[in-house]
Amino acid sequence: MSSEDERTNPPGEQLALIRESVRKAKEPKARRGTWRGADLAEGLPVARVLVDKGVLHLDKYFDYAVPAAMDADAQPGVRVRVRFGAGAHNVVSGRREGGGLIDGFVVARLTESDYAGPLAAIAQVVSPEPVLSPALLRLCRAVADRYAGSLADVIQLAVPARHGRVEKKPSPEPPATPAPPEPGTWSRYPTGPALLRALGRGDSPRAVWTALPGPHWPAELAAAIAATLASGRGALAVLPDGRAAARVDAALTALLGEGHHVLLTADSGPEARYRRWLAVSRGAVRAVVGTRAAMFAPVQDLGLVALWDDGDSSHAEPHAPMPHARDVLLLRATEERAAFLLGGLIRTVEGAQLVETQWALPVDASREEVRAAAPLVRTIGDGDQARDGAARAARLPSLAWQVAREALLRGPVLVQVPRRGYVPRLACERCREPARCGQCAGPLELTDGSSAPQCGWCGRPEAAWHCQECGGFRLRAQVVGARRTADELGRAFPKVPVRTSGRDGILGAVTGTPALVISTPGAEPVAEGGYAAALLLDGWALLNRPDLRAGEETLRRWTGAAALVRPATEGGTVLVLAEPTLRPVQALVRWDPAGHAARELAERAELGFPPVSRMASVTGSPAAVAALVALVELARLPEGAAVLGPVPVSGDRPGGPRRAGDAPAGEHWERMLIRVPPGSGAALAAALKAAQVARTALKQTDQVLVRIDPLDIG
DNA sequence: AGCACGCCGACT
DNA sequence: GTCGGCGTGCTC
């Protein structure tokens, strides 16, 4: 320390200067791991590193010195290991304690650091493969901001685990640019051929596409990808499951052969996945077809992002910060100036909103084409069923038997039954009014192992129920059990083979010969030549859910099954057990998913529901939720924000799987919702992130779950 | 999150 | 005068 300082400076500053001089005096020789400046990389001796720790207040970069030996390898995007921790500043002891080696990514190389202290050196370049490209980093940053999450969390989703062996092998040479594809069945849509031409000449159109029922959509998606490849750009298509991805993969292979694209799904092992991912990252392959995780695939010079069936819940990433594939691809389309194609048999409210705001153009078929492709849809409402004496006895309406019997002469018949785990809800046998709890008006359910029905909300058993509407006292299950229906149908048609497809055993396809195919929603096999008929028996299970999306989801699942049925012109018939006055039922009968979505969107706008307004949910212990929301309000919420709740969230869901946001067993959790007007989503996310940072700074460690645009708000 | 630093009371 | 409590703040 210097005696001069003591004389010329006031005491407070003095102390700081003393510390500073001690630091300067001791650092160069004492601190192991701190760079002494001898063999530093010339030119760009500093590496800015993203330290891979999912902690929010660490969501910033740290600068490290680059040893000369690592100069060539430590390029932006490579994985490194660095020392990180409080021990690094132990000046007095001169020893490095704690602060172990942790993983990170180099995000930039610089001539100097803006950090005043001494830089530690990069401990190790894990591999020279630049896996985190600038474009991928920008995307991850945008996703983290959008979801009030940390960059490190998003990067964990975007960059797969390393496989050293795979990295050592070179990827194949990229194939030559293919010729543009023929319009093919895209000609069935008035704007279809123009969309392909736009993609082929390098434009970036944005479209929300309502696909016609039938088997052509995988080839149409493949043609859009091929057209983009023909422009010399890359393309990415995300599908809800491996089965759908495999269909597009096959269609693309049929169109272009091997080598132009890879299939990125969870089905292939980690090594194969990393090999394919690297081929994409290196630019050896320009097109990707895959499931959710492929939304981050580092396709070079991206020309098109496509998403199929965005209403499928598997497009929502279950890991923090829970981004949705639709939003990630929207961000990519904007940031990478790529075309955007949102396709599906139905239209979600989000899709409708993209059309409504004129961000995207609708691609719809004419009514003539719809009529030519869609099956005949018939309904059986409650009134019909109540009048139908046979139905009450046999559990299935007689019209259903008729349709099945007739169709089985001509081909396979699909029977859509509720998924196991749906708790059957009860209704009055006489008037079909849903049976409600006398205490809290919750729905009555029959649970396994108990004879008396009990309330699905308060759990109270209802021993002596009677109907509030008609005074009836006999109950009837509104949902027909899958296993029993299959048994019954099988017995009724003993000469016809019965095949089942469900969660534990999904059939890919069946032949065109007569057969009964019993399937849960989403697991329907494709039938060669189409089904002769479909019976949709799960209307109540789907429509009765207390969910904002219940109508859309019901229509989506019905349409998914109905689209596998032959057109009405070839005798294809769909029978749906649901009240014909309900909006989704009407949309199915008229085959008008775009109209359904437009009406749902208008209703959401009127009620101030998402996606017209933006929402965030905060879930956790009452104290934690209250504290976080208070901090969000402190961080200043955007104009017009509304804080809703708190409401209790169910701890254990009997009959249902545990989901993110469920309280741990025995704990009482609450949820609050914060709603902001359109255009304030970014401000809301920023305020939430600031509040979370403040919360950790205040050492409030009990868990809270913050979700932007939660899917399941009642 | 760890972990060290530092500013308070109880002890030799 | 020294040891050690935990509250505060930093980690390149």
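In what follows, every heavy atom counts, from backbone to side chain, and hydrogens, waters and symmetry copies are set aside. Chain letters run A, B, ... following the sequence lines, proteins first, then strands; residues in each count from 1.
- Ring geometry for A:His163 against A:Tyr274 counts as tilted: the plane angle lies between 30° and 60°, on a 0 to 90° scale.
- The interatomic distance linking A:Asp63 (CG) with C:dT11 (P) rounds to 12 Å, in whole Å.
- Remark: P of B:dA1 and CG of A:Asp103 are 20 Å apart, rounded to the nearest angstrom.
- Using a 4.5 Å cut-off on side-chain heavy atoms (C-beta onward), A:Leu684 and A:Leu637 make contact.
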Review point. When you look at A:Asp312 and A:Arg326, which way does the salt bridge (charged side-chain N to carboxylate O under 4.0 Å, His left out) test go after all the steps?
Key: CA-CA 11 Å; A:Asp312 192 302; A:Arg326 181 182 46 237; over 6 Å; no
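- A straight line from CZ of A:Phe84 to P of B:dA4 spans 14 Å, rounded to a whole angstrom.
- Per the stacking criterion (ring centres < 5.5 Å, plane angle < 30°), A:Tyr115 stacks onto the base of C:dC12.
- For the atom pair CG (A:Leu330) and CD (A:Glu335), the distance works out to 11.5 Å, reported to the nearest 0.5 Å.
- Rounded to whole Å, atom P of B:dA1 lies 16 Å from atom NZ of A:Lys60.
- A straight line from CD1 of A:Ile102 to P of C:dC12 spans 9 Å, rounded to a whole angstrom.
- If you measure from atom OH of A:Tyr64 to atom P of C:dT11, you get 10 Å, rounded to the nearest angstrom.
- The distance from atom CG of A:Asp59 to atom C1' of B:dA1 is 15 Å, rounded to the nearest whole Å.
- Distance, A:Asp52 CG to C:dT11 C1': 16 Å, rounded to whole Å.
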